[in-house]
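In what follows, a structure is listed as structure tokens, so that the remarks can point back to it.
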Amino acid sequence: MAYNFKEVEKKWQTKWEKEGTFNAKNDYTLPKWYGLIEFPYPSGQGLHVGHPRSYTALDIIARKKRLEGYNVLYPIGFDAFGLPAENYAIKNNIHPSIVTEQNVKHFKEQLKSIGFSFDWSREVNTTDPKYYKWTQWIFIQLFKHGLAYKTTMPINYCTSCKVGLANEEVVNGVCERCGGEVIQKEKSQWMLKITDYAQRLIDDLDDVNYLEKIKIQQKNWIGRSEGAEVKFKIDGTDKNLLIYTTRPDTIFGATYMVVAPEHSIIDELKDKITNFDEIEAYKTQASKKSDFERTELSKEKTGVEIKGIKAVNPLTNELIPIWISDYVLITYGTGAIMAVPAHDTRDYEFATKFKLPIVQVITNKENNVNIDKEAYTDTEDGILINSGFINGMTVKEAIKAVIKYLDEKKIGTPKVNYKLRDWVFSRQRYWGEPIPMVHCEKCGWVPLDEKDLPLLLPEVDEFLPGENGESPLAKQTDWIKTTCPHCGGPAERETDTMPQWAGSSWYFLRYMDAHNDNALASKEALEYWSPIDWYNGGMEHTTLHLLYSRFWHKFLYDIGVVPTKEPYAKRTSHGMILGNNGEKMSKSKGNVVNPDEIVDEFGADTFRTYEMFIGPFDQSTPWSMESLRGCNKFLDRVWNLTEILIDGDTYSKDFEKMMHKAIKKVSYDYENMKFNTAVSTFMTMVNEFYRLKRINKAEFETFLILLNPIAPHITEELFEKIGNTQTIAQSKWPTFDESKTIDDEIELPIQINGKLKTTICVPLDSTQDDIKPLIHEKISMALEGKNIVKEIYVKNKIYNIVIK
RNA sequence: GCGAGUAUGCUGGAAUUGGCAGACAGGCACGUUUGAGGGGCGUGUGCGGUACACUGCGUAUGGGUUCAAGUCCCAUUACUCGCACCA
């Protein structure tokens with residue numbers, strides 16, 4: 001009989017929803033397991049086939065954990081603030097909340113049709129005032145603890161979105177979202193002091209179980225470097241030029257200095273500079289370039305010597321020139337460097353172009369370093385020369401010695417620097433959380449009273465940002481006018497909104513207690529469910545979202561809100577699903593697969609099975625319609641197993657070993673995200689059942705429970721069909737007996753000189769003496785007239801005879 | 001340029017510890033079911049030679065360690081991802 005997936009899947013989905021089968025229990029005495037997937041942004045395009053890859057994977061683990069007796073929290077929600085909805089609103093003059101609501105509805109239908117075991121009773125939506133009340137609350141706490149501050153600074157500004165962007169949102173010099181040109185613009189912005197947490201964000205990675213590459217990415221992004229700040233006296237003045245270097249050992253080779261175009265020393269010493277006009281011209285030219293252009297033109301370095309002033313090398317006492325160049329960034333270190341062309345690639349390039357002296361101060365053990373063509377930057381084998389008291393030292397020794405010397409003479413101090421910048425938290429946009437701050441003439445920036453939260457996003461009918469990059473809210477004069485919560489005087493509201501990262505930086509906490517009106521979640525819920533046991537998501541979020549949410553979590557830990565330092569005990573990432581041509585799926589390439597069509601034509605179980613069978617979970621793999629049909633065929637064969645079903649309360653002799661091995665293998669594979677090999681195990685089992693043309697009830701039930709996490713509908717239906725009154729969801733995960741997974745006879749390969757000749761069946765754990773005669777007999781032909789040099793026997797593995 | 005990863009038949013991929021390379025699928029071919037289009041069942045399928053129960057070669061390339069290497073070591077190449085003048 002054919003399997004009617006439409007009817008069956010609907011039947012079970014309705015039952016699960018009605019009975020709340022997968023809702024987490026509020027019984028805090030049970031062992032818990034909290035699995036998390038990245039909640040989707042409800043885009044107009046609907047679900048992508050990539051979403052279910054992650055969702056199915058953790059769904060499998062969640063379902064297994066439930067059968068193992070855990071109280072499982074596997075929640076879902078929507079990260080619904082964001083630019084696409086707003087841009088759509090501007091274009092079609094529809095309120096973003098309407099578009100968002102429609103999209104969320106569509107997403108929910110899609111997600112439900114795939115049969116995920118989400119706890120829908122805890123669904124969150126970042127645009128819900130009951131939710132963003134707490135996003136605003138967290139912001140106020142950050143402000144109260146000095147971690148939110150307002151400053152005017154050059155920010156990345158997208159000329160097309162008309163919005164300020166965080167560094168993270170600028171990709172290859174263009175806007176991450178729209179691809180528009182990004183320029184620098186001075187703007188007063190709310191900033192979050194994530195840099196205060198830089199070191200802890202590195203250190204605490206030791207305590208969590210993330211994939212190693214994720215840890216590396218986080219560390220690289222934070223970009224810690226150890227070095228020293230050194231004062232270079234400016235000749236004939238009482239001023240110093242403070243520089244940062246990670247190579248204080250090369251100080252004897254510093255032949256010039258470079259300052260960033262924005263450096264304050266230029267204005268401070270204006271009177272002494274003889275070519276001030278030229279310098280000003282260079283500054284203007286540099287400021288016109290976006291960050292991207294500055295880096296893209298990296299091949300050709302530009303710069304101008306600042307004439308009239310010279311710096312003094314504190315170790316050689318030589319006078320060296322000071323240059324201005326945009327290859328030095330004002331945002332890193334002190335915005336000034338000592339240039340050591342002989343041992344730094346960039347300085348080498350610059351010195352060559354402007355014919356500045358290059359002095360070698362490091363050589364290798366063989367003393368055959370040649371710096372005629374390029375800089376010598378090796379720090380492992382380097383030995384100091386031409387460097388006074390540090391001559392002959394290794395690079396490492398010299399760094400220590402120089403720092404000690406500078407410290408004693410009070411001209412330098414050891415210093416750690418990070419690439420990480422503070423987080424630009426303002427967006428000049430409508431569709432985001434309003435920042436709950438008011439500006440009072442008398443009191444400055446004052447947060448709203450917590451009892452007045454949430455500060456609702458006002459209803460407006462125009463969403464276009466203002467001409468000079470103002471938020472659309474800046475036009476809402478009635479809304480802006482308010483009173484100061486501190487002194488009661490007249491005050492104005494902040495009109496910028498929060499970035500999309502805000503709502504996603506703490507959503508996992510809300511799931512623990514999603515309907516609490518008195519706190520972001522109750523103490524008890526936080527104590528019980530923290531930390532998240534397993535978080536899976538895309539590699540594209542392993543730097544920013546992960547870093548931001550870890551930062552917020554650490555802050556909440558510091559102020560006693562959450563019980564753990566880190567939010568996620570474990571983090572894994574899935575590979576992308578590509579189009580059938582091996583390229584990234586995109587509308588323009590016409591290789592997009594729509595999940596709805598797959599579910600409609602083949603059913604959710606086939607879709608889920610294929611998503612898991614497609615390839616190694618952590619790697620990118622192309623989609624294949626043919627392969628999908630193979631999974632469909634497999635499930636049909638599972639369905640038809642009832643035709644060869646016989647009675648039996650225990651595993652039959654023929655299949656006993658296979659069953660125990662399968663339980664072991666499938667359990668291991670699920671826990672280790674090796675879903676593709678788990679599916680192939682099931683396929684092999686089905687082939688075996690058909691080969692012997694029978695399967696008994698005990699075997700079938702175990703098989704169905706093992707397969708259930710991947711294909712929940714068909715397995716529940718079959719489980720019921722063969723006479724069970726309880727469902728698989730109410731059953732226990734099967735156990736196996738290790739001794740029954742071991743074969744008592746093995747097929748031992750026999751090799752001659754490492755090449756396979758034949759195999760022989762021998763009892764398990766046979767000794768070499770036992771089997772030697774058998775083996776010699778079996779391959780006597782090949783051994784005839786040969787001289788046996790050596791015989792190697794590895795028990796239960798191999799028998800290798802070395803002959804001459 | 002720096003960091004990380006990947007490389008196995010016609011294709012997706014297996015091969016927990018160095019021990020029978022190619023599991024499981026897809027595709028293709030042939031057969032079969034006296035019913036045809038993406039139907040079911042079965043057989044075959046790494047490449048080459050062939051006396052077809054035999055044999056040579058084979059896991060990106062070149063070397064090495066080992067009785068034994070897809071797996072370990074060294075070098076090289078190609079592709080993917082992330083970062084990119086961070087001193």
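Computed from a predicted structure; not experimentally measured. Lettering of chains follows the sequences in order, A, B, ..., and the numbering in each one begins at 1.
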*Which nucleotide, in any strand shown, forms a Watson-Crick or G-U wobble pair with B/rA15, with both distances under 3.5 Å?*
none
*Can a side chain N or O of A/Tyr332 be found less than 4.0 Å away from OP1 or OP2 on B/rA87?*
yes
_Nearest heavy-atom neighbours spanning A/Phe613 and A/Cys631_ = CD2-SG, 3.8 Å
*Might you point out which heavy atoms bring A/Tyr376 and A/His343 nearest each other, and give the distance in Å?*
O-ND1, 2.8 Å
*Nearest-angstrom distance, C1' atom, B/rA15 to B/rC20*: 11 Å
*B/rA15 P sits how many Å from A/Asn676 CG, rounded?*
7 Å
*Under the rule syn = chi within 90° of 0, otherwise anti, which is B/rG13?*
anti
*Pair partner, B/rG9 [Watson-Crick or wobble, under 3.5 Å]*: none
_Tell me whether A/Lys301 forms a cation-pi arrangement with A/Tyr327, defined as NZ or CZ under 6.0 Å from the six-membered ring centre and within 45 degrees of its axis._
yes
*Answer yes or no: side-chain N or O of A/Lys301 and base N or O of B/rC85 forming a donor-acceptor pair under 3.5 Å.*
yes
*Under 30°, 30 to 60°, or over 60°: which ring-plane class applies to A/Phe703 and A/Phe689, parallel, tilted or perpendicular?*
perpendicular
*Could you please name the option among B/rA87, B/rA23, B/rA4 that lies closest to any side-chain atom of A/Ser680?*
B/rA23
*asked:* If you only use heavy atoms from C-beta on, which nucleotide in B/rG19, B/rC85, B/rG38 is closest to the side chain of A/Asp326?
replied: B/rC85
_Smallest separation among heavy atoms of A/Gly253 and A/Pro341, with atom names_ = O-CD, 4.0 Å
*Would you classify A/Ser624 as touching base, sugar-phosphate or nothing, given that sugar-phosphate means primed atoms plus P, OP1 and OP2, and contacts are heavy atoms under 4.0 Å?*
nothing
*Pick the nucleotide of RNA chain B nearest each of A/Tyr610 and A/Arg629; which residue has the one closer to the 5' end?*
A/Tyr610
_C1' gap between B/rC47 and B/rA21, integer Å_ = 14 Å
*Under 4.0 Å protein heavy-atom contacts per nucleotide of nucleotides 62-76 of chain B, with B for base, S for backbone only and - for none*: -----B---------
_If you assign each of A/Lys797 and A/Thr334 to its closest nucleotide in RNA chain B, which residue comes earlier from the 5' end?_
A/Lys797
*Plane angle bin for A/Trp623 and A/Phe607 - parallel if under 30°, tilted between 30 and 60°, otherwise perpendicular*: tilted
*If we take the P atom in both B/rA4 and B/rG9, what is their distance in whole Å?*
27 Å
*asked:* I want to check one thing: is the phosphate of B/rG38, taken as OP1 and OP2, less than 4.0 Å away from some side-chain N or O of A/Asn632?
replied: no
*With both distances kept under 3.5 Å, what pairs with B/rU32, Watson-Crick or G-U wobble?*
B/rG40
_Can you see if the side chain of A/Lys755 gets near the phosphate of B/rC57 - specifically, an N or O under 4.0 Å from OP1 or OP2?_
yes
*Picking from B/rG13, B/rC85, B/rC41, which would you name as closest to the side chain of A/Arg637?*
B/rC41
*asked:* Counting only Watson-Crick pairs (N1-N3 plus N6-O4 or O6-N4) and G-U wobbles (N1-O2, O6-N3), all under 3.5 Å, who is the partner of B/rG3?
replied: B/rC81
_Minimum heavy-atom distance between A/Ala342 and A/Val359, given as atom pair plus value_ = CB-O, 3.2 Å
*Could you give the CG-to-P distance, from A/Leu756 to B/rC20, as a whole number of Å?*
9 Å
*Can you tell me, in whole Å, how much space there is between the C1' of B/rG18 and that of B/rU59?*
15 Å
_Between B/rA87 (P) and A/Phe232 (CZ): distance, integer Å_ = 16 Å
*Under 4.0 Å between a side-chain N/O of A/Ser627 and OP1 or OP2 of B/rU11, yes or no?*
no
*Sticking with atom C1', work out how far B/rA78 lies from B/rU61, rounded to a whole angstrom.*
10 Å
*According to the 5.5 Å centroid and 30° plane-angle thresholds, does A/Phe613 stack upon the nucleobase of B/rC24?*
no
*asked:* Parallel, tilted or perpendicular, judged at 30° and 60°: which one describes the rings of A/His541 and A/Trp501?
replied: perpendicular
_Rounded distance (Å) that lies between atom C1' of B/rU17 and atom OH of A/Tyr668_ = 11 Å
*asked:* I want to verify a distance call: between B/rA4, B/rC24, B/rC85, whose nearest atom is closest to the A/Ile216 side chain?
replied: B/rA4
*Counting side-chain heavy atoms from CB outward, which of B/rA87, B/rC20, B/rA14 is closest to A/Thr677?*
B/rA14
*Counting Watson-Crick and G-U wobble pairs only, both distances under 3.5 Å, name the nucleotide matched with B/rA68, or none.*
none
*When the P atoms of B/rA60 and B/rA7 are considered, how many whole Å apart are they?*
8 Å
*Are A/Glu611 and A/Arg608 within salt-bridge range, i.e. N to O under 4.0 Å?*
no
*Between atom CD1 in A/Ile614 and atom P in B/rA14, what is the gap in whole Å?*
12 Å
*Chi-based syn or anti call at B/rC52, which uses purine or pyrimidine torsion atoms and a 90° bound*: syn
*Contact class for A/Gly630 (heavy atom, under 4.0 Å): base, sugar-phosphate, or nothing?*
sugar-phosphate
*asked:* Just to be sure I understand the rule, does A/Asn672 reach a base, reach only the sugar-phosphate, or reach nothing, if contact means heavy atoms closer than 4.0 Å?
replied: nothing
_Salt-bridge present (A/Glu38, A/Arg571; N to O < 4.0 Å)_ = yes
_I need the A/Leu205 CG to A/Glu212 CD distance, nearest 0.5 Å._
9.0 Å
*For A/Tyr210 and B/rA4, what is the distance between atoms OH and C1' respectively, to the nearest whole Å?*
18 Å
*Complement of B/rG56, any strand, by Watson-Crick or G-U distances under 3.5 angstrom*: B/rC47
*Please state how far atom NZ in A/Lys213 lies from atom P in B/rG3, giving the value in whole angstrom units.*
17 Å
*May I ask you to say what A/Glu601 touches in the nucleic acid, namely base, sugar-phosphate or nothing, with a heavy-atom cut-off under 4.0 Å?*
base
*B/rU76 versus B/rC67 - spacing of their C1' atoms, nearest Å*: 29 Å
*What distance, rounded to whole Å, do you find between the two C1' atoms, one in B/rG27 and one in B/rG46?*
15 Å
_Distance check needed: B/rC20 P versus A/Ile752 CD1, whole Å only._
17 Å
